[in-house]
Protein chains: 2
Amino acid sequence: MRAVAGRPKLFDEYAVIERAQRVFWRLGYAAASTEELLAAMGIGKGSFYLAFPGGKKELFVKTVHQFHQATFQQLAQRVAASAQPLEEVKDYFRRIATAAPDAHEKGCYLGNTVVEMSVLDPALQQESGRLLLQLEGLFFTVIQQAQASGQLTNPTDARLLARHLLTLWNGLSITRRLYPDNAQLHELIDLQLAVLH
Amino acid sequence: MRAVAGRPKLFDEYAVIERAQRVFWRLGYAAASTEELLAAMGIGKGSFYLAFPGGKKELFVKTVHQFHQATFQQLAQRVAASAQPLEEVKDYFRRIATAAPDAHEKGCYLGNTVVEMSVLDPALQQESGRLLLQLEGLFFTVIQQAQASGQLTNPTDARLLARHLLTLWNGLSITRRLYPDNAQLHELIDLQLAVLH
DNA sequence: GCCAATTTGTACCGATTAGTACACAATTTA
DNA sequence: TAAATTGTGTACTAATCGGTACAAATTGGC
């Protein structure tokens, strides 16, 4: 790539978005002030509004997509690489019960966005919902394959089971805030995964 | 009650809190401006800050408690009056799939509060969580009785089943925003209630 | 009718916030 | 080295918001 005239950027955009995402996850969209975001990102207003002309909202949208990209791809790769994809999905849930306490308090980034953007920005809410449904789509594929291969004997419609998993995911994102206890969460998750036998 | 000197209130506090609650439910706490709240309540700033010295936050806390009082009591009474309490609980969930589309968009008032108040006011978040756990407590009592009477044959620990129901409730409060379709919601709810057999 | 008590409407305020303007700095190209 | 281009830091702004001050209004008690 040919070098372009002009002063070079002093920051890496990906890293900066990731740092902003951590602030948004902790505080939500509205409560995260640009001041605190800039402090976490380590850049000034000049650089910020040049890199993100849409301001705070553009930044947030980019954190949502970058977050989804990272987490979804990670699960998709685990699933693709495994001989027992369904077990990978189960582990994806079981891992919730091994998280640090402060992780429980934050819930699910996409779920939080669906809740908060309900009125603030319906288009973005729908977009976050679409990303959650993409997760459901992955569950669906795995379940369907597991049924075809006989690894999953439960004959319930795969679409319905996938929807069950997404609802479980969303439910846990709230319930886990109420139970700080990982042992209790583990029991709960196992109970709800029992249908995948 | 002996009449006290002074100009009488022109509004009913219960009704005013209920109208404010509808605004909060639609917009969330932060996005609901006092201006819009006052317009919905039909009172002026003078009356407002006299009746609610704590301002917006006190008003919100009162909407949360009044809402919980109304909805929880209603379910508790249905359960107490029924010969098959467990069926009442199931209907409580099934009724979600008969709600109007705009009801789906708003989710659960207490669940939304748990999400939004995570950082804005941890004490209030905890309080809302406590109220949700009170709902779980009701589920627990009903399940325990149903197991004792033989109406529920599933031997799983009642505490765990109750927690499952609360997680289902919380999950639906987000998932229902993603599926506008009541028929699909009905299928989903039935699947998740199947464990109560 | 007059006073004390209470409620109501309105004008105002201080703080915060997202965003803009613009001068200055750093780099490439010619 | 000079010009063009791009990035950075800072001072400023316009708007919004929750909350306060206070005078006017309405009632009961005497």
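Lettering of chains follows the sequences in order, A, B, ..., and the numbering in each one begins at 1.
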For nucleotides 13-15 of chain C, print each protein N/O atom paired with a nucleotide N/O atom at under 3.5 Å, atom names and distance only.
none

(message) Going by the rule side chain to side chain donor-acceptor pair (under 3.5 Å), which residues pair with B:Q151 if we only count those two or more places apart in sequence or in a different chain?
(response) none

(message) At 10 degrees resolution, what angle do the end axes of the helix from C:dG1-D:dC30 to C:dA30-D:dT1 form when each is taken over five base pairs?
(response) 10°

(message) If the condition is side-chain contact (heavy atoms from CB on, under 4.5 Å), which residues does A:V195 pass it with, not counting sequence neighbours?
(response) A:N154, A:L161, A:H164

(message) Which residues pass the ring pair (Phe, Tyr, Trp, His ring centres under 6.0 Å) test with A:H68, not counting sequence neighbours?
(response) A:F72

(request) Look at atom CD of B:E58 and say whether more than 12 heavy atoms of other residues, nucleotides or ligands are closer to it than 6.0 Å. (result) yes

(message) For A:Q134, give me all partners under side chain to side chain donor-acceptor pair (under 3.5 Å), at least two apart in sequence or on another chain.
(response) none

(message) At 4.0 Å (heavy atoms only), tell me whether B:L10 reaches a base, stays on the sugar-phosphate, or touches nothing.
(response) sugar-phosphate

(request) Return the set of residues passing side chain to side chain donor-acceptor pair (under 3.5 Å) with A:Y29 (not counting sequence neighbours), or none when no residue passes. (result) none

(request) Return the value, rounded to whole Å, for the distance between atom CD of B:E13 and atom P of C:dT7. (result) 10 Å

(message) Whole angstroms only, please: what is the CG-C1' distance between A:L38 and C:dT17?
(response) 12 Å

(request) Find the distance A:M41:CE to D:dG9:P and express it as a whole number of Å. (result) 13 Å

(message) Mind checking if B:F52 touches a base, just sugar-phosphate, or nothing, with heavy atoms under 4.0 Å?
(response) nothing

(request) Could you tell me the separation between the NZ atom of B:K9 and the C1' atom of C:dT6, rounded to a whole number of Å? (result) 9 Å

(request) Can you sort out the partners of A:F67 under ring pair (Phe, Tyr, Trp, His ring centres under 6.0 Å), two or more places apart, ordered by chain and number? (result) A:W25, A:Y109

(request) Output all residues satisfying side chain to side chain donor-acceptor pair (under 3.5 Å) with B:K9, sequence neighbours left out; order by chain, then residue number. (result) none

(request) Could you list the residues that satisfy side-chain contact (heavy atoms from CB on, under 4.5 Å) with A:L50, not counting sequence neighbours? (result) none

(request) Would you check if the side chain of A:N170 reaches a backbone N or O of A:G111 as a donor-acceptor pair within less than 3.5 Å? (result) no

(message) Nearest heavy atom decides the nucleotide; on that basis, is A:L50 or B:R7 closer to the 5' end of DNA chain D?
(response) A:L50

I'd like a table of atom pairs between the protein and nucleotides 18-20 of chain C - only N or O on both sides, under 3.5 Å - with the distance next to each one.
from: C:dA18; atom 1: OP1; to: A:K56; atom 2: NZ; distance (Å): 3.1
from: C:dA18; atom 1: OP2; to: A:T34; atom 2: N; distance (Å): 3.0
from: C:dA18; atom 1: OP2; to: A:T34; atom 2: OG1; distance (Å): 2.8
from: C:dG19; atom 1: OP2; to: A:Y49; atom 2: OH; distance (Å): 3.4
from: C:dG19; atom 1: OP2; to: A:K56; atom 2: N; distance (Å): 3.2
from: C:dG19; atom 1: N7; to: A:K45; atom 2: NZ; distance (Å): 2.8
from: C:dG19; atom 1: O6; to: A:K45; atom 2: NZ; distance (Å): 2.4

(request) Could you pull out all residues at least two apart from B:F93 that satisfy ring pair (Phe, Tyr, Trp, His ring centres under 6.0 Å)? (result) B:F139, B:W169

(request) Look at the side chain of A:A5 and decide which nucleotide, out of D:dT6, D:dG9, D:dT5, has an atom nearest to it. (result) D:dT5

